[in-house]
Amino acid sequence: MSLIQWIDFKEIGDHRGNLVALEGNRNIPFDIKRVYYLYGLQPDLPRGFHAHRELVQVAVCINGQCDILMDNGHSKQTVRLDSPTKGLLVNVMQWHEMSNFSEDCVLMVLASDAYDESDYIRDYEDFLEQTK
Ligand code: TYD
């Protein structure tokens, strides 16, 4: 499973502006059970710092920009989310940290399941242990 998996969304644009459609099991590789979005973020207050045991997500920065560090316990890479036409797949057991939010950043996340705190791994040492 590669660490960085981008999904390119088709931009449907005309003289009135642009539109992107996200559909479960079509351009999003799972049934979408939850959508949440982060906004009003601070550049010096990073978020995330966890991995999920079973949840799969797609993160899309629909306005502004931010960085996301992805870590599978063996390698790490930071990429920039800066386009409403690009989604980043956040797969199971991928530790992620979002940072460097622009003032206008709106980070939308599509998730394969409802919120469940017991699916989170919030301790990095635990995460490393489970990805050995
Ligand atoms: P948290 O996991 O700390 O956010 P981030 O991963 O961006 O750092 O979540 C912040 C709070 O929001 C926490 O109390 C859990 C709650 N929450 C929900 O109630 N539902 C959700 O879908 C999510 C993602 C978080």
Side-chain angles (χ1 to χ4, degrees):
M1 184 197 304
S2 70
L3 183 59
I4 304 299
Q5 285 181 264
W6 290 108
I7 304 173
D8 287 318
F9 306 130
K10 184 178 173 202
E11 184 178 70
I12 307 166
D14 60 30
H15 66 281
R16 299 167 299 169
N18 299 316
L19 183 155
V20 168
L22 305 179
E23 298 180 90
N25 297 315
R26 308 276 296 260
N27 55 355
I28 298 299
F30 49 78
D31 230 354
I32 302 164
K33 296 272 181 58
R34 173 168 52 114
V35 178
Y36 61 93
Y37 38 91
L38 309 176
Y39 57 98
L41 302 158
Q42 305 291 323
D44 54 344
L45 290 179
R47 306 188 58 132
F49 296 87
H50 62 255
H52 290 280
R53 297 170 215 278
E54 294 187 1
L55 190 75
V56 183
Q57 303 185 97
V58 171
V60 191
C61 193
I62 54 174
N63 199 61
Q65 302 99 42
C66 68
D67 289 336
I68 182 164
L69 174 139
M70 302 290 290
D71 177 350
N72 61 12
H74 302 279
S75 55
K76 301 178 188 196
Q77 194 176 334
T78 300
V79 294
R80 193 136 182 88
L81 297 176
D82 60 3
S83 169
T85 67
K86 273 169 70 173
L88 182 72
L89 188 71
V90 181
N91 223 320
V92 294
M93 298 306 282
Q94 289 189 324
W95 186 268
H96 49 285
E97 301 174 7
M98 294 82 80
S99 62
N100 294 330
F101 304 103
S102 62
E103 206 179 304
D104 59 351
C105 178
V106 181
L107 182 61
M108 182 179 73
V109 183
L110 312 177
S112 65
D113 218 332
Y115 175 71
D116 174 9
E117 187 57 39
S118 70
D119 187 63
Y120 282 68
I121 302 171
R122 292 194 184 270
D123 183 281
Y124 190 65
E125 293 308 313
D126 261 11
F127 168 72
L128 288 181
E129 194 57 40
Q130 294 188 46
T131 49
K132 261 186 182 165

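The shown structure was predicted, so the numbers you read here are calculated from the model rather than taken from an experiment.
Residues L55 and M108 fall into different hydrophobic clusters, defined by Ile, Leu, Val, Met, Phe, Trp and Tyr side chains chained together at heavy-atom separations under 4.5 Å. Residues Y120 and M93 are members of separate hydrophobic clusters, defined by side-chain heavy-atom contacts under 4.5 angstrom among Ile, Leu, Val, Met, Phe, Trp and Tyr. By the criterion of side-chain heavy atoms lying less than 4.5 angstrom apart, applied directly or through intervening Ile, Leu, Val, Met, Phe, Trp or Tyr residues, L81 is grouped together with L41 in one hydrophobic cluster. When hydrophobic clusters are built by joining Ile, Leu, Val, Met, Phe, Trp and Tyr residues whose side-chain heavy atoms come closer than 4.5 Å, directly or via intermediates, V20 is grouped together with V35. Under a hydrophobic clustering in which Ile, Leu, Val, Met, Phe, Trp and Tyr are joined whenever their side-chain heavy atoms come within less than 4.5 Å, directly or via other members, W6 and V60 fall into different clusters.
Within 6.0 Å of atom OH in Y115, more than 12 heavy atoms from other residues, nucleotides or ligands are found, so the atom counts as buried in its surroundings. Atom OH of Y39 sits in a sparse spot, with 12 or fewer heavy atoms from other residues, nucleotides or ligands closer than 6.0 Å. Atom CD of E23 has more than 12 heavy atoms from other residues, nucleotides or ligands within 6.0 Å.
Using a 4.0 Å cut-off between charged side-chain N and carboxylate O, R53 and D119 make no salt bridge. Using a 4.0 Å cut-off between charged nitrogen and carboxylate oxygen, D82 and R80 do not count as a salt-bridge pair. K86 and E11 are not joined by a salt bridge, as no carboxylate oxygen comes within less than 4.0 angstrom of a charged side-chain nitrogen.
The distance from the CG atom of L38 to the CE atom of M98 is 5.5 Å, given to the nearest 0.5 Å. Taken from CG in D113 to NZ in K33, the straight-line distance is 5.0 Å, to the nearest 0.5 Å. Note: L128 CG to D123 CG = 9.0 Å, rounded to the nearest 0.5 Å. With values rounded to the nearest 0.5 angstrom, I28 atom CD1 is found 5.0 Å from L110 atom CG. Separation of atoms NE2 (H96) and CD (Q57) is listed at 5.5 Å; rounding is to 0.5 Å. Taking CD of E97 as the start and CG of D71 as the end, the distance is 7.5 Å to the nearest 0.5 Å.
Ring geometry for H50 versus H52: interplanar angle over 60°, hence perpendicular rather than tilted (30 to 60°).
Minimum heavy-atom separation, L45 to F101: O-CE1, 3.5 Å. Minimum interatomic distance between N18 and G13 (heavy atoms only, all atoms of both residues): OD1-CA, 3.4 Å. Residues P46 and S99 approach most closely at CB-CB, 4.0 Å, considering heavy atoms. Nearest heavy-atom pair, T131 versus G73, reported as atom, atom and distance to 0.1 Å: OG1-CA, 3.6 Å. Closest approach of C61 to C105, counting heavy atoms only: SG-SG, 3.8 Å.
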* To do: Determine, stepwise, if the pair L3 / Q94 fulfils side-chain contact (heavy atoms from CB on, under 4.5 Å).
  => CA-CA 8 Å; L3 183 59; Q94 289 189 324; 4.0 Å; yes
side-chain contact (heavy atoms from CB on, under 4.5 Å) between F30 and V58: does it pass, once the steps are laid out? CA-CA 10 Å; F30 49 78; V58 171; 3.9 Å; yes
**Request:** Please test Q5 against I7 for side-chain contact (heavy atoms from CB on, under 4.5 Å), starting from the C-alpha separation and ending with a verdict.
**Result:** CA-CA 7 Å; Q5 285 181 264; I7 304 173; 6.0 Å; no
The test is side-chain contact (heavy atoms from CB on, under 4.5 Å); show your working for D31 and N25 and say whether it passes. CA-CA 6 Å; D31 230 354; N25 297 315; 3.5 Å; yes
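Looking only at side-chain heavy atoms (C-beta outward), L22 and N27 come within less than 4.5 Å of each other. Residues D116 and E54 are not in side-chain contact: their nearest non-hydrogen atoms beyond the backbone lie 4.5 Å or more apart.
Identified under the ring pair (Phe, Tyr, Trp, His ring centres under 6.0 Å) test for residues 68-95, with sequence neighbours left out: W95-Y124, W95-F127.
Looking only at distances, a side-chain donor or acceptor of N63 sits under 3.5 Å from a matching main-chain atom of D104.
Between S112 and the choices V56, V92, I32, the side-chain contact (heavy atoms from CB on, under 4.5 Å) rule is met once, by V56.
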